[in-house]
4 protein chains.
Amino acid sequence: MERAPLKERAAQILASAETLFGERGYDGVSVRDVADAAGVKKAAVFYYFEGKEDLLERVLERYYTAHREALTSAFEAKGPLRARLHGVIDAYLGFMAENHAYARLVQGLMAQGPAWHGHLQRNLEPLLRWTEEALAEVAPDRGPLAARHFFLTLSGAVINTFTYAPVLAPMWGSDPMSADGLAERREHLHFVTDALMDRLEPRDG
Amino acid sequence: MERAPLKERAAQILASAETLFGERGYDGVSVRDVADAAGVKKAAVFYYFEGKEDLLERVLERYYTAHREALTSAFEAKGPLRARLHGVIDAYLGFMAENHAYARLVQGLMAQGPAWHGHLQRNLEPLLRWTEEALAEVAPDRGPLAARHFFLTLSGAVINTFTYAPVLAPMWGSDPMSADGLAERREHLHFVTDALMDRLEPRDG
Amino acid sequence: MERAPLKERAAQILASAETLFGERGYDGVSVRDVADAAGVKKAAVFYYFEGKEDLLERVLERYYTAHREALTSAFEAKGPLRARLHGVIDAYLGFMAENHAYARLVQGLMAQGPAWHGHLQRNLEPLLRWTEEALAEVAPDRGPLAARHFFLTLSGAVINTFTYAPVLAPMWGSDPMSADGLAERREHLHFVTDALMDRLEPRDG
Amino acid sequence: MERAPLKERAAQILASAETLFGERGYDGVSVRDVADAAGVKKAAVFYYFEGKEDLLERVLERYYTAHREALTSAFEAKGPLRARLHGVIDAYLGFMAENHAYARLVQGLMAQGPAWHGHLQRNLEPLLRWTEEALAEVAPDRGPLAARHFFLTLSGAVINTFTYAPVLAPMWGSDPMSADGLAERREHLHFVTDALMDRLEPRDG
DNA sequence: GATGAATGAGTATTCATTCAT
DNA sequence: TATGAATGAATACTCATTCAT
């Protein structure tokens, strides 16, 4: 299953694809665009990759791996639940901060119809499972307080920081994705988490 | 600036565009697709609209109007803050439930680069302003507890219910967009709102 | 099942395709070649036809129809068997003489693998059936003297006149496809037919 | 002019080219296809051969040689004319049976325009000359009973057995290229030869 | 002796858009 | 009020061939 390390040229192409797909969406980017951005000829893209779709798949693969790695240690940390949840949110927010393009690319693919849903689902599943395990002690299996709802609510609160940043910035008068903006957002999300925990396990407040 | 009411033919075209753009994204739909779905000739689309972009603009315009109308009365309602917030969330959720395509279309456009950002921003702005007014009494102007953060968090929690539903359904074993799913989601969001209010105005709990 | 008469432009394109496919084979001709030869823009070819393959299918359809029409009256003629066979050979030869490209196009497709075999078979089948009926009185159902063998032998003798003409001409010192050449070939084929009939029904000689 | 004996690697490539060209035609086969089938790298094909065209030339050369060798002894055999003709037909049929691909490859090239005509002619010429010599005693030099007509008729009857086999098989309910099919075809062709000889030299019947 | 890397030229096809009628 | 015809520009992809190593 392990893939041989990509050659420099291929890495360059992949990096360009990553950036462009993130900026303009899969459909908004042509193979020529990717080649130009990478400083290679168009045919070279087809030499190193099987096609445009393969290119996207590799970009996603890399994201998935990085994403999971970024969250693993946070999920596996020990300590009181609240601190662990804060840690996960920080890790999530931090990963997204370093991978601006990710959130938007994925949202774009979701909006493109079912073709990529299976792909995205496979990436999301472990995160959901982790959340469910982590919250098992305070949240029931089913109903409106089930872990899955908190997963959806909190991951949405993290992700949308990035997907909506470009349209919020002018309204906020500051960029939610800037260092300051993210620090503030982080505090907000901690507040939200604590508020939810207060209600779920009142004694612990 | 007012435009004569659209003829039946045009309305048919617009409706098809709305559905298709929502299902497959702007780029994933051709003018021919829209024409076919509407049962008209391709050239008719250009007769009634200025082009594909115009078509999208009209679709968005309609959404904006409907969206705002759906939320206005909820925002203007009187009564205790919590009840009003619940009302807004119910209205938001209800509107989205009836306009499946909206959330995905907008997400798709966000991912397509800055071209449509201004457009989307104009729609979002009033919602943000309303939220800020509504929360003025409990939330400060700036910082991590500012109204705008709650707006982002809660609107994300609503919207993502719809954008992620297709990939969550298999994992949940049930469809978050079904009647049952939405009722449960509604309860969850009320819980979240209450939890946040508890922390913001502890006495009121 | 009837097809509306093709517009002038489409007819022009089809005619060019017919000629070029016959001259250089399906793979040897690009859509651009066809468009140029027809004096239209490349995109016009796609406006009138669904694609290159469709173009070939239409060309073949026309041939099939013309081919069958050319032979029908000959097959349905009354009179002694030998005369009727001569008539069929004359009709076959005449049709091919007017449709130089046909034989070569079909041979080229046969050599391209199974993709077109079904297509070609559907055209050949009626000819084989007719031959079997015509020879029913003198040829057995099975074995080396079955009608199908005579069909294969004689149709080969006709068709190869055209497929091999370009390489035979220099060796013969004259063109087998010229008027004189064809007249001579016709006499030869009559001789062959008579020889075969002599053996099949000796009394009739 | 003599070329050093091809290395094993080259032979492998040539064999693959032969098979593939025969199956899908020259244009339908890419250098990569040949390399893959031979289990070598694509660049190796260009190392051992000058290019795709050279590859085809070598394949044809081999066929020519094999073809001529297969027929030489039959042509040089002694004995009565009819027996010698039967022998040639048997040899021709036998060679084709072992070289399925040959007939179709050559037909495909004929259909590809004049580029390969000269090539093919050089191969055909000796066969025609031999036939003319063999039939010199019974057939005139010119006119519809000239040897060259019998050559065209009989070689067509042999070759078409193979080129049309794939489309005839379903109609015949049996494969003309199977052992049984070929045995039957052989008998048929002997019958045809005898019929022709009967007419050419009636006394000898 | 052999090949990985690279590419120029070409291929079929799509599509938003224009326009004469 | 429509629309059939037409097209320029772009798109993803293929492939024979070259060449430095």
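Remember, it's a predicted structure, so these values are computed and weren't measured experimentally. Quick note on labels: first sequence line is chain A, next is B, and so on, each numbered from 1. Below, all heavy atoms of this structure are taken into account, side chains as well, without hydrogens, waters or symmetry copies.
One finds no salt bridge joining A:Asp36 and A:Lys42 here, because no Lys/Arg side-chain nitrogen approaches an Asp/Glu carboxylate oxygen to under 4.0 Å.
Put simply, B:Arg9 has a side-chain N or O that comes within less than 4.0 Å of OP1 or OP2 on F:dA2. The phosphate of E:dA2 has neither OP1 nor OP2 within less than 4.0 Å of any side-chain N or O from D:Tyr47.
Classification of the B:Trp116-B:Tyr26 ring pair by plane angle, with boundaries at 30° and 60°, yields perpendicular. Ring pair B:Tyr63/B:Tyr102 is parallel by interplanar angle, where below 30° counts as parallel and above 60° as perpendicular.
Rounded to whole Å, atom C1' of E:dT11 lies 11 Å from atom OH of C:Tyr26. Taking atom CG of A:Leu56 as the reference point, atom P of F:dC13 lies 12 Å away to the nearest angstrom. Atom pair A:Asp36:CG and F:dA10:C1' shows a separation of 14 Å (rounding to whole Å applied). One can place CD1 of C:Ile13 at 12 Å from C1' of F:dT7, the figure rounded to the nearest angstrom.
Minimum atom distance to the side chain of C:Lys41 is reached by F:dG8, of the listed F:dG8, F:dT3, E:dT3.
At least one donor-acceptor pair under 3.5 Å links the side chain of D:Lys52 to the backbone N or O of D:Val29. At least one donor-acceptor pair under 3.5 Å links the side chain of B:His117 to the backbone N or O of B:Met110.
D:Arg9 is linked by a salt bridge (Lys or Arg N to Asp or Glu O under 4.0 Å) to nothing, counting only residues two or more places apart in sequence or in another chain.
Nearest heavy atom pair, residue D:Ala17 against residue D:Val59, reads CB-CG2, 4.1 Å.
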- Note on the structure: Under a 4.0 Å heavy-atom criterion, the protein footprint on nucleotides 12-21 of chain E, written with B, S and -, is SBBSBBB---
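Contact annotation: the side chain of A:Val106 never approaches that of A:Asn123 to less than 4.5 Å [non-hydrogen atoms, C-beta and beyond].
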- Note on the structure: Symbol by symbol from the 5' end, with Watson-Crick or G-U pairs under 3.5 Å, [ ] crossing and | another strand, DNA chain E is .||||||||||||||||||||
